[in-house]
Number of protein chains: 2
Amino acid sequence: MGVTLKELAASLNLSPTTVSRALNGYPEVNAKTRKRVRDAAERANYHPNTRARSLATGRTHAIGHVIALSDSHEIVNPVFADFIAGAGEAYSRAGYEMVLSMVPDSDEAQAYRDMIARGAVDGMIVHGPKLNDPRIALLTQLGVPFVVHGRSSGVDAPYSWLDINNNRSFRRATEFLLQLGHRRIALVNGLENMDFAMRRRNGYLQALHEAGLTPDPALMRQAEMTEVFGHSAATELMRLPDPPTAFLSSSMLVAYGLRRALVDQGCRMGRDVSVITHDDDLSYLPNGRDVPLFTATRSSVRDAGRKAAEMVLSLISAPGQGPLTCLMETTLIVGESTGPAPGSRPRDTARQ
Amino acid sequence: MGVTLKELAASLNLSPTTVSRALNGYPEVNAKTRKRVRDAAERANYHPNTRARSLATGRTHAIGHVIALSDSHEIVNPVFADFIAGAGEAYSRAGYEMVLSMVPDSDEAQAYRDMIARGAVDGMIVHGPKLNDPRIALLTQLGVPFVVHGRSSGVDAPYSWLDINNNRSFRRATEFLLQLGHRRIALVNGLENMDFAMRRRNGYLQALHEAGLTPDPALMRQAEMTEVFGHSAATELMRLPDPPTAFLSSSMLVAYGLRRALVDQGCRMGRDVSVITHDDDLSYLPNGRDVPLFTATRSSVRDAGRKAAEMVLSLISAPGQGPLTCLMETTLIVGESTGPAPGSRPRDTARQ
DNA sequence: TGCAAAATCCAAAGCGTTTTGGAAAATGAT
DNA sequence: ATCATTTTCCAAAACGCTTTGGATTTTGCA
């Protein structure tokens, strides 16, 4: 508890009104007194009490994030930290706070309700949307500005979202592999009740169809995206009678696991078997130093966090503007993990 | 903005006072009316406005976490997400909020100051303490309850902390390797201006000394703990004229990199070269499925988060009790990455 | 100089709670 | 039936800020 406005005003022989206005940049205060006030505030390390301010203004200057911790598979999504970091930057630049609520996913809906009913936040970010995600309807009904990180297939009503082009991203990656001559391409995906995983799968399927290939269900796996999953998936897939010559992975960690399994089998990545992974550009999972370890579809989730935060702030400052959307394209970067399919000449020089 | 207390009171023909007391469990209210009030509150989904409540009580029911994002090496510590998850659980159980502030590390001190001056939090958690960390003095001076996740060598004044026994942990791991006959043991550490890294190094050195070995500076590396660092460190170390036969790693990700480099060199882990890593038991970095991939010193950082949160809550609810401390031991789990040093019979059967 | 307009300041109300200090009603003892 | 207690409730103040509606002073212009 620092200095209070009243005290500061008293020490300056001014009314609280004037001091408040001076600090908040209202025009009806003399330039000289404004400076006097500002200096005094600085010296006293005065910061208006957030609670009192928001009680008076009705705005909290806080954005809420609810993270559901599923009791069953207790995984904290690793992209979470970087996304939050990006969002946090934007918030602190704008003078906003971030309030986090981590709840068992059975209480998730109530967590959103509570935050809003208690007047704790001006807006929210929705993480990890699933297909037909009910949170979107809930929040629109509650009338709170919010932005979804991702989209939710099946939800028709308009809402604000920011997403990467998962479909095109995985379509391109698949095409790239096809051009290298690969015909049996495995998809090692995240859980496909997650919207992003579903879209990636669709992109992969579309590319196969356009190439006139029928997808083989045996080559498609989904699970929580860990290194261990990548390892077991690749191990099993390589033991098939007709194993894949290429892999598409949904995360760097999974790709690590793929690589380990491939090495175990005595394959060399980029020569015997190709791998493309999605790379969220996580700060602690750099994809190689100079030349990337993995050929990857890359998009910084930290940037996404920053942008999503800016979007929700914009929704708050200009409420009338209707849903905002932002679709970010990924870049396909070529690393050492891809090469022509063994025993087949590439159809065509791979475009970019 | 949900129902207000006044409205609820009006709808019940009661005064706000009575309704407040009924809901907060004060004795001076009839059991029947209390029930009536509680039911009505439930029906209306009434939640007291956090801001108003904390303005009135002087307590915010919020704990602050400041995360510094260094502009130079923009790494978000991967343990952060799991720690936060653990803490978040404890907070939401206790009806507390978590407010997060992510700032460039040049503004870090000011971020702590601000949070407190603005009356935004009742207590704080300090992340990633360095040697002689100035934040500890700052917060004690400001008089806010706080708990440090880790310790800060060089800070003498007492403070509350929760830490794992990094020293003993790495001492034991080193001893384990020595018992397996290893004599040249490399340490692939985190940045040693971090307190935890320094302690691990000391534990390692102590074990060597006790075994009558002089540490070789060429075998000790430190950097940001990424897979890529692990890879480059191991690659360089294995090219030494007299390469190590064992590695100690400070994180699972680094260990992944070590393993990749070793494989590149044609070594088999656990036979040609041994590896022990610290394992924070991160949810998305499981150490194998049945039998651990890596022999490891394990301690759940999520548990640590939970406990640290409980400690700060306890400091708040009982202010007089002086500094709380908690030293957690790690468990040394044996996986597939360790074995007897090549060309030397183990001194002794490894205890444990 | 005089007067309207602009500039500068302030008192007081209000935001949604909790809490203090009673008041009114019910109860118990005599 | 009377008085002292205890129950049960309420009016009003307070938390620290913003904001409305004036009041006072200064400025601009004729």
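Residue numbers begin at 1 in each chain, while the letters A, B, ... track the order of the sequences.
- The side chain of B:Ser15 contributes an N or O atom lying less than 4.0 Å from OP1 or OP2 of D:dC10.
- Whole-Å rounding puts the B:Tyr26 OH to C:dT17 P distance at 15 Å.
- Salt-bridge annotation for B:Arg151 and B:Asp163: present, with a side-chain N of the basic residue lying under 4.0 Å from a carboxylate O of the acidic one.
- We find that CG of A:Asn24 is positioned 17 Å from P of D:dG16, with the value rounded to whole Å.
- The side chain of A:Arg21 approaches D:dG21 more closely than any other nucleotide in the set D:dC17, D:dG21, C:dT18.
- For B:Ala56, the side-chain atoms get nearest to C:dT17 when compared with the rest of C:dT17, D:dC9, D:dT19.
- The nearest whole Å value for the distance from the NZ atom in B:Lys32 to the C1' atom in D:dT7 is 12 Å.
- For the pair A:Ile136 and A:Val148, the minimum side-chain heavy-atom distance is below 4.5 Å.
- The nearest whole Å value for the distance from the NE2 atom in A:His47 to the C1' atom in D:dC17 is 16 Å.
- Using a 4.0 Å cut-off between a side-chain N of Lys or Arg and a carboxylate O of Asp or Glu, B:Asp39 and B:Lys35 qualify as a salt bridge.
- Within 4.0 Å (heavy atoms only), A:Ser54 reaches no atom of the nucleic acid at all.
- Here the side chain of B:Leu14 is nearest to one of C:dA11, D:dC10, D:dC17, namely D:dC10.
- Within 4.0 Å (heavy atoms only), A:Thr17 reaches at least one base atom of the nucleic acid.
- The pair A:Asp303-A:Lys307 does not count as a salt bridge, with every side-chain nitrogen at least 4.0 angstrom from each carboxylate oxygen.
- Between the P atom of C:dT17 and the CZ atom of A:Arg53 lies a distance of 21 Å, rounded to the nearest Å.
- The neighbour count for B:Gln321 CD, taken as heavy atoms of other residues, nucleotides or ligands under 6.0 Å away, is above 12.
- Within the nucleic acid shown, B:Thr57 comes within 4.0 Å of sugar-phosphate atoms alone, with no base atom in reach, counting heavy atoms only.
- If you take NZ of B:Lys6 and P of D:dC10, they are 15 Å apart, rounded to a whole angstrom.
- With hydrogens and angles ignored, no donor-acceptor pair under 3.5 angstrom links the side chain of A:Ser20 to the base of D:dT19.
- Regarding B:Glu28, its CD atom lies at a distance of 14 Å from the C1' atom of C:dA23, rounded to whole Å.
- Within the 4.0 angstrom heavy-atom criterion, no nucleotide atom of any strand lies near A:Arg51.
- In this structure, the CG atom of A:Asn30 is 5 Å from the P atom of C:dT8, given to the nearest Å.
- Phosphate contact (OP1/OP2 of C:dT17, side-chain N/O of B:Thr4, threshold under 4.0 Å): present.
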